[in-house]
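What follows is a single structure, written as structure tokens, with notes after it.
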Amino acid sequence: MSKKLTKREEDYSKWYNELVVKADLAENSSVRGCMVIKPYGYAIWEKMQNQLDQMFKDTGHQNAYFPLFVPKSLFEAEEKNAEGFAKECAIVTHYRLKNDIKNPGKLIVDEKAKLEEELIVRPTSEAVIWNTYKKWIQSYRDLPILINQWANVVRWEMRTRLFLRTAEFLWQEGHTAHETKKEAINEAILINDLYADFAEKHMGIPVIKGLKSDSEKFAGAEETYCIEALMQDGKSLQAGTSHFLGQNFAKAFDVKFASKDGNLDYVWATSWGVSTRLMGALVMTHSDDNGLVLPPKLAPIQVVIIPIYKSIEEFNAVQTYIEPIIDKLKSKEISFLFDKRDTYKPGFKFNEHEMKGVPIRIVAGPKDIENSSLEIFRRDKMEKELINFDDVFSKIDFLITDIQNNLFEKAQSFTNSNIRNAYTYEEFKDLIKNKGGFVSAHWDGTVETEEKIKKETKATIRCIPIDKVKEKGSCIYSKKPSKQRVLFAKAY
RNA sequence: CGGGAUGUAGCGCAGUUCGGUAGCGCACACGGCUGGGGGCCGUGGGGUCGCAGGUUCAAAUCCUGUCAUCCCGACCA
């Protein structure tokens, strides 16, 4: 297993190349750790955006946009949050350049243009948003506020990794304000469930819903709900988080409202987000040795049609032959590409679209015209089949749902077969080291134990599963009593 | 910031031990044959060998410095 998985890990970068390239803008410059998203990759992101956005709207949320820059004084208002992000901030200190007299044609920072107060490039927007909410909220009648923002954020990580941890990334961040604690907790859970649904039903990525332990919690949160997904190499990836923020930000930004019974109360808050990291999850979950594999719901091209011909006459005949298919694909809003490029051979096109993960391929040539047939190919199973021309649409409809389901089920059974119980610490270490995947084990609930296990095995508590049946036991490390099993894994 | 490795054509690499005219594969351009799985043959274009300094008649190769990248730690969506 491990050999194959090592190969997979190397392959990730190859798969990414269809979607994204490392930003390589200037020599010696620190734009490193950023990525350029290619059109094909961005098309996937747009699909994810649209589908998620619809889910947010269906649950009563609205979009808005807040500034990129956070004045330092706002940033430091919520102490824990500020502390959590302090070590990875990009900071704007000046607002003007001038010509360098010693070095004609070059520019230098104009020291006279130093900002009175530094601006932080947002690593997350709680500070800016709560400073704004303060002005928007007076009464319980103004609540709840359910706002989402699609934006870029910057986190100056020491080590970056394409898709999974780039210095700048795209995401959506939701920020809500509520009248009661219960309502805010419900919102955080609602969104975590929504993320899980999106991951499983749209991306075909099985996830485990859970709560983060104290040390893995978002800086400034009371509770962090999360979804964790297992990648093909046995490492876990945090795919999305939804935080119950309590009244921490309301207190930090002094956001009070007049309640129904006339009291002045602090509001209750949540925040939640998923990022372009999800695209990394998509790649690492489904791709195989032939390249990307995309679920039909997110594939920029769902069906590719490749004509086979030797002469212009033959091409024209093939084009006429498949015209009804193209018309119907259009009317059914199935995204397709009729790849009529004459500059590439059919075999090249087959491979290219396989590498790009196009779910369905249709091939039509002179033989098909003669037999009124078509060749249809499904990317997930790499199987081709000769079908009657008239059956093409029932087949496409079938494949679109079947590929979507098959990808999920395949990933689901992989995940399930890689969740193992550990009963002793020895067994635990062995599983983490030699098998990977999730290890379900009892934990005494203390940060100290978690830290020690992390130091000794590199495994962290990915989550305290929500859906799991509670079972009492004793901690594998300290032997102290434990209320339930938690999931450990090595993580990205 | 600690430990390890690497920088040579757009990409992937050889050449460095032992100094002597800059190479290969892919990609690119042109011509022809091809066309139901990355096809074949021929021709051609493209490189301040990461950067700076030093040693030498002569440096991709040796020495010093420096910058960057990747991997492993600390950090993290």
Side-chain angles (χ1 to χ4, degrees), chain A residues 6 9-10 13-14 17 21-33 83-89 122-125 151-173 195 212 215-219 221 224 226-229 236-243 271-281 290-291 306-312 314-315 318 341-355 361-371 373-377 382 384 386 451 454-455 458 460 462 490-492:
Chain A
T6 311
E9 198 163 11
E10 283 163 15
S13 62
K14 202 169 72 192
N17 283 342
V21 287
K22 267 178 273 177
D24 185 14
L25 304 183
E27 238 172 291
N28 305 346
S29 118
S30 295
V31 210
R32 65 181 185 212
E83 205 187 300
F85 285 103
K87 282 179 282 179
E88 49 188 58
C89 287
R122 63 178 168 217
T124 179
S125 301
N152 58 341
V153 287
V154 168
R155 295 183 187 175
W156 214 268
E157 303 287 355
M158 300 206 175
R159 235 179 90 197
T160 58
R161 218 186 151 128
L162 216 52
F163 270 128
L164 305 184
R165 206 181 307 110
T166 43
E168 178 188 357
F169 57 95
L170 303 180
W171 76 345
Q172 60 68 216
E173 49 179 326
Y195 284 158
K212 284 291 182 192
S215 63
E216 296 270 332
K217 244 188 244 174
F218 176 74
T224 290
C226 66
I227 53 173
E228 288 283 325
S236 173
L237 183 74
Q238 180 172 314
T241 47
S242 178
H243 316 289
S271 74
W272 27 274
V274 295
S275 71
T276 36
R277 171 181 265 199
L278 278 181
M279 290 169 71
N290 299 301
I306 297 175
I308 307 289
Y309 58 92
K310 289 184 190 168
S311 60
I312 296 249
E314 268 185 9
F315 173 78
V318 171
R341 289 175 300 175
D342 194 34
T343 45
Y344 292 98
K345 306 275 154 35
F348 182 91
K349 294 177 185 174
F350 294 166
N351 281 289
E352 183 180 350
H353 293 111
E354 275 162 26
M355 270 189 309
R361 180 180 72 221
I362 292 172
V363 182
K367 287 182 208 162
D368 298 300
I369 300 179
E370 212 173 293
N371 306 323
S373 64
L374 287 169
E375 186 188 285
I376 193 160
F377 167 91
M382 294 291 282
K384 52 185 161 186
L386 207 62
E451 278 297 310
K454 185 180 176 182
K455 272 226 166 109
K458 289 178 193 162
T460 50
R462 299 324 304 156
K490 284 189 195 165
Y492 276 104

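This is a predicted model, so every value here is computed, not measured. In what follows, chains carry the letters A, B, and so on, assigned in the order in which the sequence lines appear, proteins first and then strands, with residues in each chain numbered from 1.
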Separation of A:Gln238 CD from A:Arg277 CZ (nearest 0.5 Å): 6.5 Å
B:C72 to B:G25 separation - C1' atoms, rounded to the nearest Å: 31 Å
Integer-rounded Å distance: B:G37 P and A:Tyr344 OH: 19 Å
Rounded distance (Å) that lies between atom C1' of B:C28 and atom CZ of A:Phe348: 13 Å
Base B:G37 paired with A:Glu354 side chain (donor-acceptor, <3.5 Å): yes
Same-atom distance (C1') from B:G45 to B:A5, integer angstrom: 34 Å
For B:C33, the Watson-Crick or wobble counterpart (both distances under 3.5 Å): B:G39
Rounded P spacing from B:G44 to B:U8 in Å: 27 Å
Given RNA chain B, 5'-ward residue of the pair A:Thr343 and A:Glu352, judged by closest heavy atom: A:Thr343
Residues forming a side-chain contact (heavy atoms from CB on, under 4.5 Å) with A:Glu83, sequence neighbours excluded: none
Distance, rounded to the nearest Å, where A:Leu386 contributes CG and B:G36 contributes C1': 11 Å
Partner residues of A:Lys345 under the side-chain contact (heavy atoms from CB on, under 4.5 Å) criterion, sequence neighbours left out: none
Polar contact flag, side-chain donor to acceptor under 3.5 angstrom, A:Asn351-A:Tyr344: no
Inter-residue atom distance A:Ser275.OG - A:Phe163.CZ, 0.5 Å rounding: 10.5 Å
Base paired to B:U61 (Watson-Crick or G-U; both N/O distances under 3.5 angstrom): none
B:C71 to B:A77 separation - C1' atoms, rounded to the nearest Å: 22 Å
For B:A5, the Watson-Crick or wobble partner whose two distances fall under 3.5 Å: B:U69
Distance, C1' atom - from B:G37 to B:U48, rounded to whole angstrom: 43 Å
With sequence neighbours excluded, residues passing side chain to side chain donor-acceptor pair (under 3.5 Å) with A:Asn152: A:Arg122, A:Glu168
Nearest to side-chain heavy atoms of A:Met355, which nucleotide of B:G36, B:G37, B:G38: B:G38
Touch class at under 4.0 angstrom, heavy-atom based, for A:Gly365 against every strand present: base
Between B:G37 (P) and A:Glu375 (CD): distance, integer Å: 9 Å
Separation of the C1' atoms in B:U69 and B:U34, to the nearest angstrom: 43 Å
Base partner of B:G44, which must satisfy Watson-Crick or wobble distances under 3.5 Å: B:C28
Separation of the P atoms in B:U61 and B:U43, to the nearest angstrom: 33 Å
Touch class at under 4.0 angstrom, heavy-atom based, for A:Asp342 against every strand present: base
B:G19 pairs with, by Watson-Crick or G-U criteria that keep both distances under 3.5 Å: none
side-chain contact (heavy atoms from CB on, under 4.5 Å) involving A:Glu352 - partner list, sequence neighbours excluded: A:Arg341, A:Phe348, A:Lys356
Length of the CG-C1' vector between A:Asn290 and B:G38, whole Å: 12 Å
Distance, rounded to the nearest Å, where A:Arg341 contributes CZ and B:G38 contributes P: 15 Å
B:U56 to B:G19 separation - P atoms, rounded to the nearest Å: 16 Å
Base-pairing assignment for B:C49 (Watson-Crick or G-U wobble, both under 3.5 Å): none
Interatomic distance where CD1 belongs to A:Ile308 and C1' belongs to B:G35 [whole Å]: 8 Å
Between A:His243 and A:Ser271: side-chain donor-acceptor atoms closer than 3.5 Å: no
side-chain contact (heavy atoms from CB on, under 4.5 Å) partners for A:Thr460, two or more places apart: A:Glu216, A:Lys454, A:Arg462, A:Ala491
Minimum-distance nucleotide to A:Lys345 side chain [options: B:G37, B:G36, B:G39]: B:G39
Sugar-phosphate, base or nothing in reach of A:Phe315, heavy atoms under 4.0 Å: nothing
Atom-to-atom span, CD of A:Glu451 to C1' of B:G73 - whole angstrom: 14 Å
Review item, nucleotides 74-77 of chain B N/O atoms under 3.5 Å of protein N/O:
| from | atom 1 | to | atom 2 | distance (Å) |
| --- | --- | --- | --- | --- |
| B:C75 | O2 | A:Glu157 | OE1 | 3.3 |
| B:C76 | O2' | A:Glu157 | OE2 | 3.1 |
| B:C76 | O2 | A:Arg165 | NE | 2.1 |
| B:C76 | O2 | A:Arg165 | NH2 | 3.3 |
| B:C76 | N3 | A:Arg165 | NH2 | 3.3 |
| B:A77 | O3' | A:Gln238 | OE1 | 3.3 |
| B:A77 | O3' | A:Gln238 | NE2 | 2.2 |
| B:A77 | O3' | A:Arg277 | NH1 | 3.3 |
| B:A77 | O2' | A:Gln238 | O | 3.4 |
| B:A77 | O2' | A:Arg277 | NE | 3.4 |
| B:A77 | O2' | A:Arg277 | NH1 | 2.9 |
| B:A77 | N6 | A:Thr166 | O | 2.7 |
| B:A77 | N3 | A:Ser275 | OG | 3.2 |

